[in-house]
Amino acid sequence: MQRRDFLKASLAASAVALGSSASAGVTGQPVDSRKVSKIAFPEKRPLITYSDRPPLLETPRDSFTKAITSNDEFFVRWHMPEIPTHIDPDTYKININGLVNKELHISLNELKTAFEQVEVTSVLQCGGNSRSAFNPVAGGIQWGSGAMGCAKWKGVRLSDILNRAGLKKDAVWIGFNGLDNAAYYETPTFIREMRIDELDDHVIVAYEMNGEDLPYLNGYPVRLVIPGHYSDSWVKMLSNITVTNEYKSLFFMDVAYRIPDNDCECETPENKFKTTKPITTMNVKSVIGYPTNNTVVYHNSHVVVRGVAFDDGHGIKDVVISTDGGKTWKEAILDKDAGRYAFRAFRFAFKPTAYGKVSIMAKAINRLGAEQPLAQDIKWNHGGYKYNGIDVVTIEVV
Amino acid sequence: MMKKIIILTILSISALFAQVNEAVEVPYISYEIKMGKGFDAVNANCLMCHSFGYIINQGPQSKDFWHKKVVKMIVHFKAPISKEDVEITTNYLFEHYGNGALK
């Protein structure tokens with residue numbers, strides 16, 4: 001997103017730093033007051049819980065001090081309520097069919113032994129992450145900032161699998177389907193389609209996450225990993241890959257996860273933009289993991305602000321921090337680079353000298369020079385997708 | 001309906017996280033949903049596919065929004081909701097989870 005007026009806007013940033021008193025039609029900060037529930041889901045520590053069926057779990061903000069999100073706190077988002085509760089890893093198969101020379105039925109053992117094994121550290125973020133920042137309230141689950149995480153994924157290149165099957169000349173689309181099902185037989189299944197030319201060598205069929213089997217709720221035993229892209233096409237419990245020459249009309253492709261197809265990717269509730277496009281790749285974003293809102297610290301004490309920044313794979317160049325409402329910005333230290341698709345952890349030493357409430361703002365800038373806009377400059381879209389406003393946490397200095 | 005038992009079987013099996021070799025049970029959460037006229041229709045039509053969490057976590061919305069959501073469930077998700085229940089559920093959702101605006 002280009003923000004030509006950024007400098008001008010940042011001079012007036014103190015208004016946004018004061019908090020979420022968003023007036024009608026102005027984007028604010030995402031909701032940050034939700035607590036983790038007392039219920040731990042399988043292989044998860046208690047997380048912010050929006051729904052048990054399908055399971056929707058959000059990672060709390062304080063996790064985002066680390067470049068890797070641990071498996072037990074990684075967010076969860078399913079679309080269908082009927083998720084198999086039993087998977088036999090010895091008989092599980094990934095089927096490759098359609099316009100291929102040879103249909104394949106790949107077992108987990110084959111996947112792990114008969115192909116080159118590759119790893120990629122990549123952010124996984126829901127397109128609706130931070131949706132609760134939009135005003136008026138955009139349709140969908142009102143996520144805070146934690147419908148995202150970063151893991152080290154291990155698996156096999158999708159291209160290697162497709163090459164083994166052999167694509168026919170007229171192959172254009174690839175449909176991915178997982179084992180989750182709707183309650184009604186007639187409900188369309190959650191198939192995702194991508195054009196073959198959208199799929200580069202970074203796309204993998206992953207069976208391992210941070211050195212462990214994928215957690216059940218993150219798609220055990222295998223899921224698609226599409227670095228740089230929002231998570232809507234990272235199909236979980238991947239069971240079927242079908243190659244076709246024509247696009248199949250599907251709800252989750254044609255209606256969900258779409259934004260206005262105009263330059264600002266924006267519209268108003270009264271005047272929705274007629275044509276839409278898929279959300280595809282992620283914009284530049286950062287989230288502060290420490291301190292969190294309402295943290296109390298002594299004045300003249302030593303606070304280390306920590307957080308994570310990422311984009312769609314161009315890589316993070318800088319993260320800058322402001323503690324004076326956006327008047328001045330200072331560079332944070334970037335930690336080790338774990339690859340262009342990964343969280344880039346940052347830290348910033350801050351010694352609060354004044355008493356009272358202090359807002360800390362973080363802005364990431366990527367290698368193309370794209371930077372996060374102020375929340376108030378983010379225009380509305382009906383699905384509340386792609387929020388990437390400058391993150392603000394307000395602490396109290398005593 | 002749909003009594004699910006909270007059993008975290010897999011956490012207790014082994015240190016290696018036996019994954020889904022044994023049946024996994026996702027916990028059941030009893031979401032606090034507001035009672036009122038039309039609740040029976042919501043209970044009968046919505047819970048088949050999703051928890052009440054899906055409703056209460058949409059944020060306050062207009063009557064038009066809720067109507068479109070109900071229609072989406074029929075058109076796109078093929079939920080067998082009767083014409084009568086479309087109106088009843090829409091009114092319930094708007095009354096309890098509405099923002100006061102018709103559009």
Side-chain angles (χ1 to χ4, degrees), chain A residues 31 34 37 39-44 49-56 71-72 78-90 92 131-132 134 136-143 182-188 212-217 220-221 237 250-252 254-256 269-270 382 384, chain B residues 1-2 4-31 45-62 64-66 68-69 71-81 97-101 103:
Chain A
V31 171
R34 296 196 184 92
S37 76
I39 301 174
F41 279 58
E43 295 166 283
K44 297 287 172 184
T49 306
Y50 294 97
S51 170
D52 55 340
R53 185 171 177 274
L56 304 177
N71 288 2
D72 66 348
W78 291 79
H79 299 83
M80 294 297 172
E82 305 299 331
I83 307 166
T85 54
H86 183 262
I87 300 270
D88 180 354
D90 296 328
Y92 193 90
R131 178 179 288 127
S132 58
F134 287 96
V137 179
I141 295 295
Q142 298 300 302
W143 298 102
Y184 295 110
Y185 181 72
E186 297 81 4
T187 307
E212 299 170 356
D213 288 345
L214 291 178
Y216 165 72
L217 289 171
Y220 180 81
M237 278 188 193
L250 300 159
F251 168 76
F252 284 105
D254 295 348
V255 184
E270 302 76 33
H382 68 277
Chain B
M1 67 188 281
M2 268 190 293
K4 277 184 269 174
I5 314 155
I6 303 171
I7 306 178
L8 302 178
T9 330
I10 111 175
L11 289 177
S12 59
I13 287 176
S14 80
L16 274 175
F17 275 24
Q19 295 291 353
V20 271
N21 292 329
E22 299 293 322
V24 167
E25 297 229 23
V26 171
Y28 169 72
I29 296 176
S30 164
Y31 284 94
N45 287 299
C46 307
L47 210 53
M48 185 73 189
C49 294
H50 62 78
S51 69
F52 289 144
Y54 253 82
I55 294 172
I56 65 181
N57 287 307
Q58 295 286 322
Q61 296 285 1
S62 69
D64 184 55
F65 173 93
W66 283 120
K68 282 182 176 150
K69 277 277 167 182
V71 170
K72 177 173 107 174
M73 297 306 156
I74 299 169
V75 172
H76 294 296
F77 289 91
K78 311 297 175 193
I81 305 174
Y97 300 97
N99 62 5
K103 276 220 167 236

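Because the structure is a prediction, the values reported are computed rather than measured. By convention in this document, chain letters (A, B, ...) are assigned in the order of the sequence lines, proteins followed by strands, and residues within each chain are numbered from 1.
Interface remark: A:Ala138 contributes backbone atoms only to the contact with chain B (heavy atom separation under 4.5 Å). If you measure heavy-atom distances from A:Leu56 to chain B, the contacts under 4.5 Å come from the side chain alone. With a 4.5 Å cut-off on non-hydrogen atoms, A:Ser37 does not touch chain B at all. Heavy atoms closer than 4.5 Å to chain A are found in the side chain of B:Lys72, but not in its backbone. At a 4.5 Å heavy-atom cutoff, B:Ala101 makes no contact with chain A through either its backbone or its side chain. Residue A:Val31 does not touch chain B at all, counting heavy-atom pairs closer than 4.5 Å.
Closest heavy-atom contact between B:Tyr54 and A:Pro54: CE1-CD, 3.4 Å. Between B:Pro27 and A:Phe41 the shortest heavy-atom distance is CD-CD2, 3.6 Å. Here the shortest heavy-atom pairing between B:Gly59 and A:Gln142 reads N-CG, 3.8 Å. Heavy-atom minimum distance, B:Glu25 versus A:Pro42: O-CG, 3.6 Å. A:Glu186 and B:Lys78 make their closest contact through O-CG, 3.2 Å (heavy atoms, listed as atom of the first residue, atom of the second, distance).
How far SG of B:Cys49 is from CD of A:Glu82: 8.5 Å, rounded to the nearest 0.5 Å. The structure places CG of A:Asp52 at 5.0 Å from OH of B:Tyr31, a figure rounded to the nearest 0.5 Å. Atom CE of A:Met80 sits about 5.5 Å away from atom CZ of B:Phe77, to the nearest 0.5 Å. Here the NE2 atom belonging to B:His50 is positioned 9.5 Å from the CZ atom belonging to A:Arg53, to the nearest 0.5 angstrom. Distance CG/B:Asn57 to CH2/A:Trp143: 9.0 Å, rounded to 0.5 Å.
Put simply, of A:Gly140, A:Ala182, A:Pro269, the one with the most heavy-atom pairs under 4.5 Å next to chain B is A:Gly140.
Considering only heavy atoms from C-beta on, B:Gln61 comes within 4.5 Å of A:Val137 through its side chain. Residues A:Leu217 and B:Val24 have side chains not in contact (no heavy-atom distance under 4.5 Å, counting atoms from C-beta outward). For the pair A:Tyr50/B:Ser51, no side-chain contact is recorded, criterion being any heavy-atom separation below 4.5 Å from C-beta on. Side-chain contact check for B:Ile29 versus A:Ile39: some heavy-atom pair is nearer than 4.5 Å.
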